[in-house]
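Lettering follows sequence order; numbering is per chain, from 1.
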There are 2 protein chains.
Amino acid sequence: MMVSQRPSEVSTSAHERVYRTLRSRIMYGEIAPGQALTLRGIGREFEVSMTPARESVRRLVAEGALFLSSSGRVSTPELSNERIEELAALRALIEVELASRALPRAHMALIDRLQGINMTVAEMISKRDAVGYIRANLEFHRALYLRAQAPAMLAMAETVWLQMGPTMRALYGRLRRTEPPRNHKLIIAALKAGDEPGLRLAVRSDVTQGLRMLAG
Amino acid sequence: MMVSQRPSEVSTSAHERVYRTLRSRIMYGEIAPGQALTLRGIGREFEVSMTPARESVRRLVAEGALFLSSSGRVSTPELSNERIEELAALRALIEVELASRALPRAHMALIDRLQGINMTVAEMISKRDAVGYIRANLEFHRALYLRAQAPAMLAMAETVWLQMGPTMRALYGRLRRTEPPRNHKLIIAALKAGDEPGLRLAVRSDVTQGLRMLAG
DNA sequence: CATGAGCAGATGTGATCACATAGACCTATG
DNA sequence: CATAGGTCTATGTGATCACATCTGCTCATG
């Protein structure tokens with residue numbers, strides 16, 4: 001009976017490590033919608049028993065990142081169009097507020113950082129790297145919202161991102177256009193100008209743009 | 001070794017039952033802020049092993065209903081004033097949207113039901129029953145928002161309620177006033193009149209009123 | 001009397017096992 | 001050949017145990 005087989009990783013619990021990895025995969029669209037997961041499979045991959053695997057999965061289910069069927073099987077969710085519309089509306093509500101709260105605190109260093117991230121976004125688009133694009137895009141938003149000093153709101157926004165992760169991958173996968181992120185430039189311009197209405201509009205447009213892609 | 005000791009309750013899993021009960025207690029303010037919980041204690045109370053207790057707790061931690069200390073001990077959260085302000089702002093954002101979406105679908109049957117619930121709210125206030133008040137008040141809101149046909153948004157709103165549960169109890173516990181729910185009447189009036197701006201304002205006022213109580 | 005060291009009990013974590021059941025595959029029968 | 005039934009494997013659930021660590025209390029010492 002081996003009990004504590006990896007003394008090198010005492011810094012953080014096993015289920016935390018599993019949870020973080022799975023969460024990252026889901027949020028950044030590395031897993032397709034409807035993909036099934038098993039506790040024993042997770043345990044095998046991360047070299048842990050079923051216990052930490054179960055706790056990670058439970059946590060992700062609670063956050064809406066995973067779907068639990070009536071028989072207990074877990075998979076990434078396949079969102080209906082209505083659900084996608086709701087989540088996009090939530091993003092708009094919460095992220096517009098976060099951006100608005102960040103505006104008075106947004107100094108030049110932040111704007112520089114956003115422009116840097118934006119170059120990565122453009123690069124990922126040109127490479128047609130869906131996962132890289134999602135990651136860079138969310139990093140852009142997170143960098144801005146961190147300035148709002150509103151951790152509960154940011155957590156809510158991230159929960160929405162998490163729920164949309166697999167769907168975003170599917171959406172961007174069928175994306176043909178190779179245009180640079182226009183709305184991001186509008187966001188940066190509004191930040192520079194201290195233009196709150198403009199910022200709110202730009203964020204709202206950016207966040208709901210994926211929805212139009214769905215309808216079109 | 002006893003494995004399946006309660007064949008009568010096969011309808012829903014043990015951890016689900018534990019989760020629902022704990023969630024209800026927290027949301028409706030039956031547990032004070034900072035109250036500690038133990039896995040073995042939960043297991044003893046619900047006559048289950050630590051496993052379902054752990055899963056329930058993990059789930060509630062993921063929803064922000066419970067706080068996990070660095071040493072792994074769990075307790076209900078003690079919210080800072082900044083955190084309370086954020087959560088109230090989130091309520092305002094999400095619930096105003098939910099009310100707005102419910103408005104076109106709000107028929108007479110709903111209004112009757114809301115008025116009925118409102119009588120319970122007034123009764124709980126007069127009895128100074130904090131838990132009963134919180135329960136009736138949230139039932140009022142939930143009844144309205146269910147009409148919005150927006151499950152993801154409603155789930156978000158409920159998560160915020162859950163996070164505020166213990167704090168609401170503490171807040172309303174120190175409440176002296178015995179006034180009937182004025183904002184609820186404004187909500188009902190706006191629903192009757194089909195007055196969307198009035199509805200949005202009334203919901204926003206109702207949801208942020210507790211905050212004023214805190215400041216005062 | 002105050003303070004700190006040490007001990008004992010309580011608590012969380014992860015592994016493992018027994019069991020029930022769902023899903024898949026295979027076979028037999030119409 | 002299609003379909004229904006059965007079997008077998010895979011999977012989730014919950015109980016239990018071993019272990020590490022945290023907490024609180026006690027007692028000795030300054």
> Within less than 4.0 Å of OP1 or OP2 of C:dG14, is there a side-chain N or O belonging to A:Thr51?
Replying inline: no
>> Rounded to whole Å, please give me the gap between OH in B:Tyr19 and P in D:dT13.
In response: 15 Å
>> In whole Å, I'd like the distance from the CD atom of A:Glu55 to the P atom of C:dT13.
In response: 7 Å
> In whole angstroms, how far is the C1' atom of D:dT13 from the CE atom of B:Met50?
Replying inline: 16 Å
>> Given the structure, check if the side chain of A:Arg40 and the base of D:dG12 hold any donor-acceptor pair shorter than 3.5 Å.
In response: yes
>> Looking at B:Glu158 and B:Arg23, is any side-chain nitrogen of the basic one under 4.0 Å from a carboxylate oxygen of the acidic one?
In response: yes
>> Contact list please: residues 66-76 of chain A against DNA chain D, heavy atoms, distance less than 4.0 Å, in numerical order.
In response: A:Gly72, A:Arg73
> Under 3.5 Å, is there an N or O donor on one side and an acceptor on the other linking the side chain of A:Arg54 and the base of C:dG14?
Replying inline: no
> Atom CD of A:Glu47 to atom P of C:dT13: distance rounded to whole Å?
Replying inline: 21 Å
> How many Å lie between CZ on B:Arg44 and P on C:dG12, as a whole number?
Replying inline: 11 Å
> After noting the C-alpha distance and the side-chain angles of B:Tyr145 and B:Glu95, does the key distance pass the side chain to side chain donor-acceptor pair (under 3.5 Å) rule?
Replying inline: CA-CA 8 Å; B:Tyr145 305 150; B:Glu95 297 189 29; 2.6 Å; yes
>> For A:Tyr19, run the side-chain hydrogen bond (donor to acceptor under 3.5 Å, both in side chains) check against A:Arg58, A:Glu63, A:Glu55 and tell me which one passes.
In response: A:Glu63
> Do you know the tightest heavy-atom contact between B:Ser56 and B:Pro52?
Replying inline: OG-O, 2.8 Å
>> If I take atom CG from residue A:Leu39 and atom CZ from residue A:Arg54, how far apart are they, to the nearest 0.5 angstrom?
In response: 7.0 Å
> When we call it a touch if two heavy atoms are under 4.0 Å apart, what does A:Ile42 touch: a base, just sugar-phosphate, or nothing?
Replying inline: nothing
> How is B:Thr38 classified with respect to the nucleic acid when contacts are heavy atoms under 4.0 Å: base, sugar-phosphate, or nothing?
Replying inline: sugar-phosphate
> What do you reckon, is CZ of B:Arg101 surrounded by more than 12 foreign heavy atoms closer than 6.0 Å?
Replying inline: yes
>> Determine whether B:Tyr133 and B:Val121 satisfy the following criterion, side chain to side chain contact (heavy atoms under 4.5 Å, CB included), listing intermediate values before the conclusion.
In response: CA-CA 6 Å; B:Tyr133 168 65; B:Val121 173; 3.5 Å; yes
> Once you round it to whole Å, what is the distance between P of D:dA15 and CZ of B:Phe46?
Replying inline: 13 Å
> Just how far, in rounded Å, is C1' of D:dG14 from CG of A:Leu39?
Replying inline: 13 Å
